[in-house]
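Below is one structure; the comments refer to it alone.
Note that the structure is predicted; figures quoted are calculated from it, not measured. One-based numbering, in listed order, for ligands and for the atoms of each.
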Amino acid sequence: MTTINPKITPIYQSSVFKFQDLDELDEYFADTTSRYLYSRNGNPNSDELAEAVNQLEGGAGAVATSSGMAAIFAAVLAYCQAGDHVLCAADIYGGSAALLNAELSRLGITTTYVPFEQLYALEQYVQPTTRLLLAETISNPLLRVADLRRLAAHCHALGLKLVVDNTFASPVLTKPLLLGADISLHSVTKYVSGHSDVTAGVTVAADAEVAARLKQIGVFYGLTLSPMESWLAVRGLKTLRLRMREHSHNALAVARLLLGHPAVREVYYPGLPTHEQHALALEQGGGLCGGMLSFKLADDKEVVSRFMRRSRRFPFAPSLAGVDSSLSYPLGTSHRALTAEQQQALGITTGLVRLSVGIEPAEELLADLQQALDV
Ligand SMILES: *Cc1c(COP(=O)(O)O)cnc(C)c1O
């Protein structure tokens with residue numbers, strides 16, 4: 001028989017796996033890692049993705065999920081049940097807030113939002129039933145950076161778990177579990193896969209028991225990821241380190257250009273010395289600050305629309321972290337559902353534009369932005 005030794009894991013596009021006899025079935029139930037049974041319970045491709053991110057994050061185990069939202073859902077359910085209370089950073093992905101407000105509330109899990117300035121003074125928000133704090137390493141859309149080591153110590157002193165959405169940083173910049181977080185999770189849709197062609201997530205636990213619980217939640221709720229998506233994400237992950245370097249270098253060049261342009265009122269990028277958490281960002285990111293930035297034009301819809309129409313290299317596509325640059329408009333997309341007061345409190349104004357800076361040649365991006373901004 002021909003020996004086949006593929007260098008790359010093939011796509012196991014099979015929903016189920018065969019058993020020769022009852023002995024094999026018993027073997028499986030004696031050790032469920034010994035073989036595969038059914039792809040919702042485990043598949044070589046989704047396991048490869050979970051293990052690769054687990055290794056990068058320095059975790060005790062991980063589960064690959066069908067989206068970033070599923071990853072957040074699994075993380076909250078790992079620690080919470082009906083009657084429990086969650087703290088959530090006010091600067092949070094809109095979908096996370098929607099999940100907590102519209103769905104987890106129906107399961108009896110309540111949420112209190114904590115302003116960024118209060119993240120290290122959680123005492124006033126803690127209730128006897130508070131289980132965890134959900135926060136992002138680098139927030140959306142104002143790119144505020146949380147001091148994860150400090151936050152983990154603060155949470156643990158109060159008996160809370162720290163769950164970190166590490167999507168914007170990626171494990172190349174920051175490894176939350178090594179700084180004390182209990183769970184680190186990603187929308188794999190973004191940097192981890194990196195090519196805007198996959199919807200997926202991953203949740204990694206520092207503790208093996210929590211990892212097992214995550215795995216069970218994935219299987220029982222059916223949150224697990226398909227073989228094809230897993231395979232694409234694994235392929236993307238192989239260049240994550242290279243991509244994050246380029247994203248970061250390009251974003252810094254773009255941020256500097258914007259900072260010097262008369263049409264730009266403000267620039268939010270952790271790599272700029274003007275950023276409030278610049279020193280922390282450099283330290284926590286190993287010198288890299290990622291590819292996401294936001295800036296303010298005049299608070300005039302026509303000014304924003306004109307910039308969108310003129311830009312060629314930054315199409316308006318409300319996602320992020322692909323190798324190709326794009327832009328998004330927080331007020332009209334991710335933060336559309338908030339009240340005007342909430343938008344105001346978070347600094348989400350009419351002129352606020354978010355860029356996801358890709359890995360194209362920097363000079364091409366700069367030239368494009370220059371012509372799109374010039375009148
Ligand atoms: C996109 C995103 C999510 C949700 O991920 P999906 O893959 O779209 O489900 C969660 N957190 C952050 C920070 C994100 O950017």
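Aromatic ring centres of Y28 and F17 lie farther apart than the 6.0 Å criterion allows.
Under 4.0 Å from any atom of ligand 1, one finds heavy atoms of residues S67, G68, M69, I72, Y93, E136, D165, T167, F168, S187, T189, K190, A200, L320.
Looking at V163, L151, V164 one by one, the single match for side-chain contact (heavy atoms from CB on, under 4.5 Å) with L133 turns out to be L151.
Not counting sequence neighbours, the partners of F73 by the ring-ring contact (aromatic ring centres under 6.0 Å, His included) test are Y221. Legend: residues meeting ring-ring contact (aromatic ring centres under 6.0 Å, His included) with Y79, ordered by chain and number and at least two apart, are absent.
At a cut-off of 3.5 Å, with distance as the only test, a side-chain donor of Q371 or D368 sits close to an acceptor on the other residue.
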Atom pairs and distances, donor-acceptor, side-chain atoms in residues 256-267, under 3.5 Å, two or more places apart:
| residue | atom | partner | partner atom | Å |
| --- | --- | --- | --- | --- |
| H261 | ND1 | A263 | N | 3.0 |
| H261 | NE2 | D374 | OD1 | 2.7 |

